[in-house]
Amino acid sequence: MIMFNFLSLISGFCEIGIVVWGMKLFGITGALLGGLFYQIGNMAPNPITLSQRMCWILLSSSLAFGLAGFFQPVFLYPALTLFTMALQNERSVLKNKTNNTGSKVLKRAFRIIGFALGFLFRIESFFICLIAIVVICIICKEDDNKKTGITIPHFNKLDVILILHEIHYFVYCYCALLIVYRLTVSGVYAALAFALTWLPYASGSNIYEKTGILGKLGYKKTFLLGHSILAVIFVLMFMFYRIQTSSGTVPLISFVIWFFTGILGTTEFCVEKVDKLNKTYVKTNHDSAENIGHILGVVLSIVLYLITKDLSISVLVAGAFALAALLLMAIFVKEETK
């Protein structure tokens, strides 16, 4: 699992790195677009399947766009998308080879380290990552029995709940990072702040198992509890941010609340558990729902910023989507008990 975790680190590094790098060169819209280009790359391996040959084509194309980035930095965006597709495909290959026995906490820990190092992202560091992927692809050569194509997902209600959950997170997460960047004028603090908010999230179900909440409530009610509180604290986060910034003080209360959103948002794991217990879980559909939710969330954050020129509005919208996920789960539970 060493190479898999190393790829997780690179993944986190590139995700936050392109946002911080985009902010430095192109401002807020460029930063959010960087996040979008990264998330588009995450469409592999679900719903986009790649053959090994296609991976090499993507890496070669990524190299060409990356080189063009030295002359026109905007070319680094498509370079990152192509690179990310190959990266996520290779992570999937390694995951399957180890029969998915690795620790989720360890995987997330490596991603968090990558987030924290995101301020180091440059065109030069992108090429270092590209070389690392090429080396790993050569070492872990895959039997090319897969065909390149798109699997059309068929979503059930739990998949739709997952999409709403992912939209709630990605509509605001990069915006919150950029608020820190703008207040501190530092990519270092922005990347570290983002990484810190993932610490409670990385623990996953452990928090709820050890406190006995999961045992008392079960997966469905735990999800409902987490997202009901989540919807409320997003409103509080927005209110305190507006009050403190309007009075000229640093919005520390909002940053503390942002940290605790991870504890509540991690109840996302309940969706997969319920899906598996109901024997309706299909990995391709589940992963596709996750990836589509990521993209829709970032697209919405860009639209909101272009319309309002206000990053903090995304926090309120995040609360609305957390509430929507909560309501759909409540309807799902009610239908099951009939």
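Shown here are the ring-ring contact (aromatic ring centres under 6.0 Å, His included) partners of Phe37, two or more places apart in sequence or in another chain: Tyr77. In this structure Val274 satisfies the side-chain contact (heavy atoms from CB on, under 4.5 Å) test together with Leu158, Tyr219, Lys220, Asn278, Phe332, sequence neighbours excluded. Listed by chain and residue number, nothing satisfies the side-chain contact (heavy atoms from CB on, under 4.5 Å) test with Lys279 (two or more places apart in sequence, or in another chain). Residues passing the salt bridge (Lys or Arg N to Asp or Glu O under 4.0 Å) test with Lys221, sequence neighbours excluded: none.
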### Stepwise side-chain hydrogen bond (donor to acceptor under 3.5 Å, both in side chains) check, Thr261 with Tyr201
CA-CA 8 Å; Thr261 57; Tyr201 180 78; over 6 Å; no

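A donor-acceptor contact closer than 3.5 angstrom links the side chains of Ser51 and Thr148.
The list of side chain to side chain donor-acceptor pair (under 3.5 Å) pairs with a residue in residues 109-118, not counting sequence neighbours, reads Glu15-Arg111. A side chain to side chain donor-acceptor pair (under 3.5 Å) check over residues 178-197, counting only residues at least two apart or in different chains, returns nothing.
Around atom CZ of Phe65, no more than 12 heavy atoms belonging to other residues, nucleotides or ligands sit under 6.0 Å away. Residue Lys309 qualifies as enclosed at atom NZ: its count of foreign heavy atoms under 6.0 Å is above 12. Taking a 6.0 Å sphere around OH of Tyr281, one finds it holds more than 12 heavy atoms contributed by other residues, nucleotides or ligands. The number of heavy-atom neighbours closer than 6.0 Å to CD1 of Ile138, taken from other residues, nucleotides and ligands shown, is above 12. Dense packing is recorded around NZ of Lys24, with more than 12 heavy atoms of other residues, nucleotides or ligands lying under 6.0 Å away.
One N or O on the side chain of Ser254 and one on the backbone of Met237 form a donor-acceptor pair closer than 3.5 Å. Side-chain atoms of His168 come within 3.5 Å of backbone N or O of His165 as a donor-acceptor pair.
Pairing each heavy atom of Leu162 with each of Glu290, the nearest pair is CD2-N, 4.1 Å.
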